[in-house]
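Since we're looking at a predicted model, the values are computed, not measured.
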Amino acid sequence: RAVRVLGLLSSHRIGLTGLMTTQACSLARQPGITVWGVSGEREQSRGLADRLRAEGVGHTVIRGFDDHRRPTALARELADVVGRFQPHVVHVQTNWQLLVTVLARWRRKVPFKIVATVHGYRHNSPIRALAARWLIGLSLQLFADVVVVPSRFLERRLWFLGRRRARVLLPVDPMYFAEPAQPPDFGGMKRLVFGGEFRRGKNQDMLVRAVAAYVERTGDRQVELVLPGDGALLDGCRALCHS
């Protein structure tokens, strides 16, 4: 039979992401599968929503979907999409999406399966990591029918989910291989670029301190660190650079 998949394609404060757009488009090309995407109003990079439309993937925007507020209101809007599309499977990719989807399923009473992809968890603190792993694992045990993990590391850490785990490696978009990369010339100025949101866990401050330590120890000032991005910790990182 034809399978209808409702994919939740955005992430917290980011919106529609390149990875999830690629996944949805690839899945939609498979025979017998119809995909409909749901995301917040933002895009990780311009043109992702246009790419979905070009690939024939339907797309609904729910404003505020990635802000981690008003879960019952968002579940009501998601339930409306579920009612129209009647999916066999809903694919979630964050804990927040799992919560909203469970509320929407309870509201609409549509017997769809939930496939959850776990990209990782906060494991840079041993105590928090243990709590996060078991809390995430409990929610997956209760509500997810299949749990996709992208690595052996996560497969081992979530051993208690048993046979509902499925290890599927994350794809890399073909756009990254479109043009051959020229090797950098390190004969003069050494330039380092790290793009990302200025938030906890991205550790731009660590890069700033590392470059400062390198200059202090070697006396080599032919080095430049470029940190494109925005976020709550941007001003603090600027102050660190000045100091």
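Contact check on Asp205 versus Arg200 returns no salt bridge, with no Lys/Arg side-chain nitrogen under 4.0 Å from an Asp/Glu carboxylate oxygen.
In this structure, the separation between CG on Leu233 and NZ on Lys202 is 12.0 Å, given to the nearest 0.5 Å. Taking CE of Met20 as the reference point, atom CG of Leu27 lies at 14.0 Å (rounded to 0.5 Å). Atom CG of residue Asp220 and atom CE of residue Met189 lie 9.0 Å apart, to the nearest 0.5 angstrom. Atom CD of Gln204 is separated from atom CG of Leu234 by 9.0 Å, given to the nearest 0.5 angstrom. Considering CZ of Arg165 and CZ of Arg156, their distance stands at 10.5 Å, rounded to 0.5 Å.
Residues Leu98 and Phe143 meet the side-chain proximity criterion, which asks for heavy atoms closer than 4.5 Å. Put simply, the side chain of Leu192 does not reach to within 4.5 Å of the side chain of Phe194, judged on heavy atoms. Side-chain contact between Val102 and Ile114 is present, with at least one heavy-atom pair separated by less than 4.5 Å. Using a 4.5 Å heavy-atom threshold, the side chains of Gln93 and Gln23 count as touching. Looking at heavy atoms from C-beta onward, Leu52 lies in side-chain contact with Leu9 at the 4.5 angstrom threshold. Side-chain contact between Ile62 and Glu41 is absent, with no heavy atoms from C-beta onward closer than 4.5 Å. Taking 4.5 Å as the limit, some side-chain heavy atom of Thr60 sits within range of a side-chain heavy atom of Trp36. At least one side-chain heavy atom of Leu8 sits under 4.5 Å from a side-chain heavy atom of Thr101.
Looking at Glu43, its side chain does come within 3.5 Å of a backbone N or O of Leu48 through a donor-acceptor pair. Between the Lys190 side chain and the Gln222 main chain, a donor and an acceptor come within less than 3.5 Å of each other. Between the side chain of Asp67 and the main chain of Arg69, no donor-acceptor pair closer than 3.5 Å is present. In this structure a side-chain-to-backbone donor-acceptor pair under 3.5 Å is missing from Ser11 to Ile14. With hydrogens and angles ignored, the 3.5 Å screen pairs no side-chain donor or acceptor of Arg221 with any backbone N or O of Val215. In this structure, Arg164 contributes its side chain and Ala144 its backbone to a donor-acceptor pair below 3.5 Å. Between the Arg209 side chain and the Met206 main chain, no donor and acceptor come within less than 3.5 Å of each other.
The cluster map of Ile, Leu, Val, Met, Phe, Trp and Tyr, joined by side-chain heavy atoms under 4.5 Å apart, puts Val5 and Val100 in different clusters. Cluster annotation: Leu6 is not connected to Ile33 through the hydrophobic network of ILVMFWY side chains, with a link wherever side-chain heavy atoms come within less than 4.5 Å. Taken together through direct or relayed side-chain contacts under 4.5 Å among Ile, Leu, Val, Met, Phe, Trp and Tyr, Val110 and Val115 form parts of separate hydrophobic clusters. Cluster annotation: Val223 is not connected to Val226 through the hydrophobic network of ILVMFWY side chains, with a link wherever side-chain heavy atoms come within less than 4.5 Å. In terms of hydrophobic clustering, with Ile, Leu, Val, Met, Phe, Trp and Tyr side chains grouped at heavy-atom distances under 4.5 Å, Leu154 and Trp134 are assigned to a common cluster.
Looking at every heavy atom in both residues, Gln44 comes nearest to Gly18 through OE1-N, 2.9 Å. The two residues Arg133 and Phe160 make their nearest non-hydrogen contact at O-CZ, 3.8 Å. Among all heavy-atom pairs drawn from Phe198 and Leu227, the shortest one is CZ-O, 3.6 Å. The nearest pair of heavy atoms linking Val35 to Val57 is O-CG1, 3.6 Å. Scanning all heavy atoms of the two residues, the minimum distance from Arg105 to Asp145 falls at NH1-OD2, 4.0 Å. Among all heavy-atom pairs drawn from Ala2 and His88, the shortest one is O-CE1, 3.2 Å.
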Quiz prompt | Evaluation steps, side chain to side chain contact (heavy atoms under 4.5 Å, CB included), between Leu158 and Val118 | solution = CA-CA 10 Å; Leu158 300 176; Val118 180; 4.3 Å; yes
Practice problem: Dump the intermediate steps for side chain to side chain contact (heavy atoms under 4.5 Å, CB included) on Arg167 and Val148, then the final yes or no. | Solution: CA-CA 6 Å; Arg167 177 159 50 87; Val148 177; over 6 Å; no
Practice problem: Mind running side chain to side chain contact (heavy atoms under 4.5 Å, CB included) on Arg107 and Thr72 for me, showing each step along the way? | Solution: CA-CA 10 Å; Arg107 185 181 186 89; Thr72 54; over 6 Å; no
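Under a cut-off of 6.0 angstrom, the local environment of CZ in Arg29 is crowded, with over 12 non-hydrogen atoms contributed by other residues, nucleotides or ligands. For Arg13, the CZ atom sits in a loose shell: 12 or fewer heavy atoms of surrounding residues, nucleotides or ligands are nearer than 6.0 Å.
Screening Ile136, Leu140, Leu142 for a side chain to side chain contact (heavy atoms under 4.5 Å, CB included) involving Leu138 leaves a single residue, Leu142. Exactly one residue among Asp66, Thr21, Thr17 makes a side chain to side chain donor-acceptor pair (under 3.5 Å) with Ser10. That residue is Asp66.
For Thr94 and His12, the side-chain atoms include no donor-acceptor pair closer than 3.5 Å.
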Could you tabulate the donor-acceptor pairs under 3.5 Å formed by side-chain atoms of residues 235-243, not counting sequence neighbours?
from, atom 1, to, atom 2, distance (Å)
Ser243, OG, Ala239, O, 3.4
Ser243, OG, Leu240, O, 2.8

N/O donor-acceptor pairs under 3.5 Å from side chains in residues 74-87, not counting sequence neighbours:
from, atom 1, to, atom 2, distance (Å)
Asp80, OD1, Arg108, NH2, 3.4
Gln86, NE2, Gly83, O, 3.0

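In this structure, Trp96 has its ring center no closer than 6.0 Å to that of Phe65.
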